[in-house]
Amino acid sequence: DLAQVNVEVSLLTDMLTAAAAEPDLNDSGREETMTLIKELERNCSLFQQRIVELIQQVPESVQEDVIPLLLQSNEEILRVLELSAEFSKHSTPKPPPLAP
C-alpha cells in the first residue's frame, strides 16, 4: 500500500532529521534511535523491492495511472535510503571512555 510507504518514508526522514539535530544524545537514547532507523531502513528497502516487482507486473490497461505513482514512491524511498546511508557513514558511535 502506497500510503504505508509514505508513512515509512516520512518516519525515517523525521528520525534522521532528529538524530542529526541531536548528535550528543545519551548512549541509550542514541542506541534506541539507531535501532529504529535501521528498522525503518529495512522496511523501506523491502517496500522498494516490492515496488520494482509491481512495476513489472502492472497490466497495460492501468499503466498510465499506476506507473507514475509507483515511480514517485520508488524515488522517495531511494532518496531517504541515500540520506540514511549518508547519516550512517557520518554518524560513528563514540568510543567508550578509557578506564583511569
Side-chain angles (χ1 to χ4, degrees):
D1 181 45
L2 293 181
Q4 183 63 36
V5 169
N6 292 334
V7 168
E8 295 283 330
V9 167
S10 181
L11 284 172
L12 182 51
T13 301
D14 291 347
M15 290 298 299
L16 291 169
T17 301
E22 297 185 34
D24 296 328
L25 196 62
N26 68 39
D27 288 340
S28 73
R30 186 83 173 159
E31 186 177 328
E32 288 174 18
T33 297
M34 293 308 292
T35 299
L36 184 52
I37 286 172
K38 292 297 177 194
E39 184 179 325
L40 290 167
E41 281 178 349
R42 194 171 34 255
N43 291 347
C44 285
S45 291
L46 291 172
F47 281 131
Q48 194 272 332
Q49 292 171 12
R50 182 68 181 131
I51 286 173
V52 169
E53 292 170 7
L54 287 173
I55 288 171
Q56 297 170 359
Q57 298 171 3
V58 174
E60 272 189 55
S61 60
V62 294
Q63 282 184 355
E64 276 187 41
D65 298 327
V66 176
I67 296 285
L69 296 173
L70 292 173
L71 289 175
Q72 180 182 2
S73 291
N74 189 55
E75 289 174 14
E76 291 172 6
I77 292 170
L78 292 175
R79 179 191 53 79
V80 77
L81 288 175
E82 185 176 318
L83 286 174
S84 188
E86 282 296 312
F87 174 81
S88 294
K89 185 172 23 173
H90 297 293
S91 176
T92 55
K94 295 178 184 175
L98 297 174

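In this structure, Leu81 is a member of the same hydrophobic cluster as Val9, with clusters built from ILVMFWY side-chain heavy atoms closer than 4.5 Å. In terms of hydrophobic clustering, with Ile, Leu, Val, Met, Phe, Trp and Tyr side chains grouped at heavy-atom distances under 4.5 Å, Leu69 and Val7 are assigned to a common cluster. A single hydrophobic cluster is seen to contain both Leu54 and Ile67, as judged by linkage of ILVMFWY side chains at heavy-atom distances under 4.5 Å, directly or through other members. Note: the hydrophobic cluster containing Met34 also contains Leu83 (ILVMFWY, side chain heavy atoms under 4.5 Å, direct or indirect links). Both Val66 and Val5 belong to a common hydrophobic cluster when Ile, Leu, Val, Met, Phe, Trp and Tyr are linked at side-chain heavy-atom distances under 4.5 angstrom.
Summarising the geometry, atom CG belonging to Leu71 is positioned 6.5 Å from atom CD belonging to Glu75; distances are rounded to the nearest 0.5 Å. Rounding to the nearest 0.5 angstrom, the gap separating the CD atom in Gln63 from the CD1 atom in Ile55 is 10.5 Å. Taking CG of Leu11 as the reference point, atom CD1 of Ile37 lies at 11.5 Å (rounded to 0.5 Å). Going from atom CD of Gln72 over to atom CG of Asn6 covers 7.5 Å, rounded to the nearest 0.5 Å. Atom CE of Met15 is separated from atom OG1 of Thr35 by 9.5 Å, given to the nearest 0.5 angstrom.
More than 12 non-hydrogen atoms from other residues, nucleotides or ligands lie less than 6.0 angstrom from CD of Gln57. More than 12 heavy atoms of other residues, nucleotides or ligands shown are found within 6.0 angstrom of CD on Gln4. Environment of CD in Glu64: sparse, with no more than 12 heavy atoms of neighbouring residues, nucleotides or ligands closer than 6.0 Å.
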Next on the checklist: Between Val52 and Gln56, is the side-chain contact (heavy atoms from CB on, under 4.5 Å) condition met? List the steps.
Outcome noted: CA-CA 7 Å; Val52 169; Gln56 297 170 359; 4.0 Å; yes
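Between Glu76 and Arg79, no side-chain nitrogen of the basic residue sits less than 4.0 Å from a carboxylate oxygen of the acidic one, so the salt-bridge criterion is not met.
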Output a table of donor-acceptor pairs, distance under 3.5 Å, between side-chain atoms of residues 40-48 and any protein atom two or more places apart or on a different chain; print 'none' if there are none.
from: Glu41; atom 1: OE1; to: Lys38; atom 2: NZ; distance (Å): 3.4
from: Glu41; atom 1: OE2; to: Ser84; atom 2: OG; distance (Å): 2.0
from: Asn43; atom 1: ND2; to: Glu8; atom 2: OE1; distance (Å): 3.2
from: Ser45; atom 1: OG; to: Glu41; atom 2: O; distance (Å): 3.1
from: Gln48; atom 1: NE2; to: Asn74; atom 2: OD1; distance (Å): 2.8

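Across all non-hydrogen atoms, the minimal contact from Ala19 to Phe87 is CB-CZ, 3.4 Å.
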